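The block underneath contains the structure these notes are about, expressed in structure tokens.
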Amino acid sequence: MLQLISLLVENKPGALMRVTGVLAARGYNIESLTVARTLDPELSRMSITVDVEPSQCAQVIKQINKLINVLQATDLTEAPAVRRELVLVRVRSAKEDRTTILKEADIFGARAVESSVDGFALEATGDSEKMDAFIRVIERYGDIEVTRSGMVAVSMEPKKLKLAPPVRKEYLEAQEVTTE
Amino acid sequence: MARLMTGAEIVLECLIREKVDTFFGYPGGVTLPLYDALYDSKIRHILVKHEQNACFAAQGYARATGKVGVCCATSGPGATNLITALVDALMDSIPVVAITGQVSTKLIGSDAFQEADTFGITRPCTKHNYMVKNLAELPRIIHEAFHIASSGRPGPVLVDIPKDVFQAQGHYTPVTSVHLPGYKFSMDGHAGQIRRAAQMVWEAERPMVYAGGGILHSEASKELREFVEFADIPSVCTLMGLGAMPSEHPNYISMPGMHGSYAANMALTESDLLICLGVRFDDRVTGRLAAFAPHARIIHVDIDPAEISKNRVADIPIVGDAKRVIEKITENLKELAPEMRAKNSSARKAWWKQVRDWKAEHPLVPEFSTEEIKPQHLMAEIDRISGGNAIVSSDVGQHQMWCAQLIRFNEPRLWINSGGLGSMGFGLPAAIGAQFAQPDKLVFAVCGDGGFQMSIPELGTIANNNLPVKIVIMNNGYLGMVRQWQELFYKNRLSSVLLEGFPDPEKLAGAYGFTGKTVTKPSELRAALQAAVDHPGPYLLNVMVTQFENVYPMVPAGGAINEMVLAPPTPVGV
Ligand SMILES: Cc1ncc(C[n+]2csc(CCOP(=O)(O)OP(=O)(O)O)c2C)c(N)n1
Ligand SMILES: [Mg+2]
């Protein structure tokens, strides 16, 4: 089944590899993955859609939570959350189709972000099914190329972030430098 | 208080502050600056013969003491040689810090000489790993590595340090705290759950304690004993937990599982409440999971939440440190005792009788013969000399199972073996680490004739340091455990399991400058073993045992643990 996982991760080298490693080691295929930094530039938010054995969903979250660089891993598959995707479509079209395309785009809340004699670049956001439908519609007007962002999600439940406090190491204190 | 130091000096300074007195390693091009600084350091470095064994020795050191074991390797082949031993430490939750050299930062990614992506390769082999990019972060990372390795569920941590970071000079400011916001683990356990667990313990008619390696890691064997005694419950310890309960404790049965005793497996199967402490329901313990302890409710205490309900759903999950949680459970038991203790006392009595009957029905007793030395006879003799007090570092195979069945351990950290990964070649280097950690203890390395030949080079390390390790080869002329499976499950078609040409032990040990002997007669075994132990310094004792002995009881792979094969059906000859 497709599981949607939202992660708050330290923005450090290797952090992404650790997360995907947990999934790859179990042979799970990642359907989509987005990463970008948060308000705090030291942290990144990841949204992952991954095809997981249903019995293993909880285990996957626990294993990801164990990673030192992961501050929080949340399963949003069933949770109240907003899930969106961004789609960019470049369409080459005949001259006579141009106004119709723009109208169709308008129905999906999409807009033209670039226009040339050959066609448009359209931008749309929405849930995945709606984006599928949008792409199917635009496809009929000519050659298209599509880039999808993959699912990004924000939880509607404020979850308290539990963080480990600094640990004082008494035995490291009050010692002279020993190396000559 | 900042002082100008090189990266190499800072590494050693941090090790000293972490109270490291000994570490194991092998130098190379990019670790030259570190080894140069070591020349002036008070830390003892033990030069092994292969990096895998540096990490196994560090593990032996850690397993024998609970302290962090440290090993070191150069870049490329040095680092890749560590892999097996790192995974081994990960599987058994052993605190190890591995320091590897890396090519200089400006060369990383250029396929430079002896460059390997150590950070990438060891990511799934460690609890956590680091690549140090500059001098400023070096002390913080080293101390974080020790913190991560030794806290929570322990494990190996690798720190990859480029040559130019070792060489760089900078002001060293000691680090006195570590901050890892994402590294959370709970120690205390949920008070309500602990209360419910205590109630459940009193309510149970056929309770059993199933204790594992987690007891050792949290130093909880005293608390475990108090709990088991107060509630008067029978207990089993897994292969990783041997010694958590003294072997001869009246409440202790034996090891359970694939080669566990009849009593242990029957008791787990018939129990109505398993109190699972620092265990992970490994398949070698549970057999067919669906048939494991089918009547039991489960109280599962572990510091790693991912272990709870991973293989068997827990009725009472308690995430916390075994020591603290067990202590609290006992406190609660005591509070509840006046009203609850008497309730099931007759059922409990009947349960104890049943457990004792099982024990009497099929006890784990050694076999003897007057013609040949039975493997079990050898273990009984080691046990006699040890009296439950020697360190026994075992390799992997049949001999490991007979050791676990027949040698007593009065305390934790005496039994050292590769449990989760089952790495042949572990026994000898781990014994080296254990002997360095416990110089006054009697240390046996018990190896098969196969696994021993994987670690022969370390005879050199033993000789160089005149380590009084007693190496005992249980020589059956076969890769015995694999031969056993071929006999039982592959129509005795023995394929590539015959070990021909075992080196002459006298000459072999002699080549390294110490004594080696072979013993073949049962009547001479005791004296031969005693001579090895009485001899000051290293000793290699090659014990020729029955070739075709199989380990019993045995639960065939995929079987339920109460469906043990107790003895060979018919004698099989070749
Ligand atoms: C590195 C490694 N390779 C292969 C195995 C598979 N294996 C498990 S037990 C065993 C036989 C060990 O033979 P020996 O050391 O003679 O011990 P015995 O079983 O005869 O006591 C083998 C090959 C292993 N556990 N580890
Ligand atoms: Mg053998």
Side-chain angles (χ1 to χ4, degrees), chain A residues 7-27 38 40 42-46 53 55-74 160-180, chain B residues 1-3 5-6 8-19 37 40-43 119-120 123-124 126-131 133 139 142-144 146-148 151-153 155 157 172-186 304-311 313 319:
Chain A
L7 298 174
L8 198 57
V9 177
E10 286 180 302
N11 191 355
K12 292 209 166 143
L16 174 63
M17 175 178 81
R18 291 181 206 282
V19 172
T20 55
V22 168
L23 302 168
R26 288 166 174 73
T38 60
D40 179 346
E42 310 220 315
L43 302 181
S44 301
R45 169 71 64 185
M46 278 187 205
E53 202 65 47
S55 64
Q56 294 301 308
C57 289
Q59 179 64 208
V60 163
I61 297 281
K62 284 178 179 178
Q63 290 294 346
I64 293 177
N65 253 323
K66 261 169 75 167
L67 299 171
I68 311 278
N69 296 141
V70 171
L71 302 193
Q72 192 180 45
T74 321
K160 236 190 119 203
L161 188 59
K162 270 190 255 149
L163 297 180
V167 183
R168 263 189 60 197
K169 295 266 164 186
E170 270 114 35
Y171 65 89
L172 295 178
E173 288 171 14
Q175 273 191 41
E176 279 303 295
V177 177
T178 49
T179 311
E180 292 305 303
Chain B
M1 140 148 214
R3 292 185 43 163
M5 288 166 74
T6 66
E9 286 168 345
I10 290 173
V11 170
L12 295 176
E13 178 63 32
C14 292
L15 295 187
I16 289 170
R17 285 168 180 266
E18 291 288 352
K19 307 211 166 12
D40 297 319
S41 171
K42 64 178 188 185
I43 301 188
F119 182 62
R123 198 259 317 143
T126 53
K127 180 174 174 186
H128 194 63
N129 65 357
Y130 289 96
M131 176 152 61
K133 295 291 200 36
I142 301 271
H143 294 306
E144 282 180 10
F146 275 82
H147 176 65
I148 294 168
S151 58
R153 177 178 183 171
V157 180
Y172 164 67
T173 318
V175 170
T176 53
S177 74
V178 294
H179 189 200
L180 297 161
Y183 182 47
K184 342 166 250 289
F185 50 90
S186 100
D304 180 358
E307 283 307 334
I308 290 178
S309 299
K310 181 180 84 176
N311 292 338
V313 175
V319 180

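This structure is a prediction, so every number in the text was calculated from the model and none was measured. Below, chain A is the first sequence line, B the second, and so on; all start at residue 1.
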Flag, side chain of A:K62 to backbone of B:P305, donor-acceptor distance under 3.5 Å
yes
[X] portion near chain B, given a 4.5 angstrom heavy-atom threshold:
X: A:P13; answer: both
X: A:I61; answer: neither
X: A:V70; answer: backbone

Do [X] and [Y] have side chains that approach each other closer than 4.5 Å (heavy atoms only, starting at C-beta)?
X: A:L71; Y: B:P181; value: yes
X: B:S177; Y: A:K169; value: no
X: B:E18; Y: A:L172; value: yes

What part of B:N129 gets within 4.5 angstrom of chain A, counting heavy atoms only: side chain, backbone, both, or neither?
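It is both, since atoms from each part get that close.
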If I measure from the heavy atoms of chain A, does B:F185 come under 4.5 Å with its side chain, its backbone, both, or neither?
neither
For the residue pair B:G120 and A:M17, what are the closest heavy atoms and their distance?
CA-CE, 4.0 Å
Roughly how far, to the nearest 0.5 Å, is the [atom2] atom of [Y] from the [atom1] atom of [X]?
X: A:K12; Y: B:M131; atom1: NZ; atom2: CE; answer: 14.0 Å
X: A:I68; Y: B:K127; atom1: CD1; atom2: NZ; answer: 6.0 Å
X: A:Q59; Y: B:E307; atom1: CD; atom2: CD; answer: 7.0 Å
X: B:R17; Y: A:Y171; atom1: CZ; atom2: OH; answer: 11.5 Å
X: A:K66; Y: B:D304; atom1: NZ; atom2: CG; answer: 3.5 Å

Does NZ in B:K184 sit with more than 12 non-hydrogen atoms of other residues, nucleotides or ligands closer than 6.0 Å?
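Result for NZ/B:K184: enclosed.
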Output all residues satisfying ring pair (Phe, Tyr, Trp, His ring centres under 6.0 Å) with B:H147, sequence neighbours left out; order by chain, then residue number.
B:Y183
Residue list, side-chain contact (heavy atoms from CB on, under 4.5 Å) with B:P139, at least two apart or on another chain:
B:I10, B:C14, B:Y172, B:V175
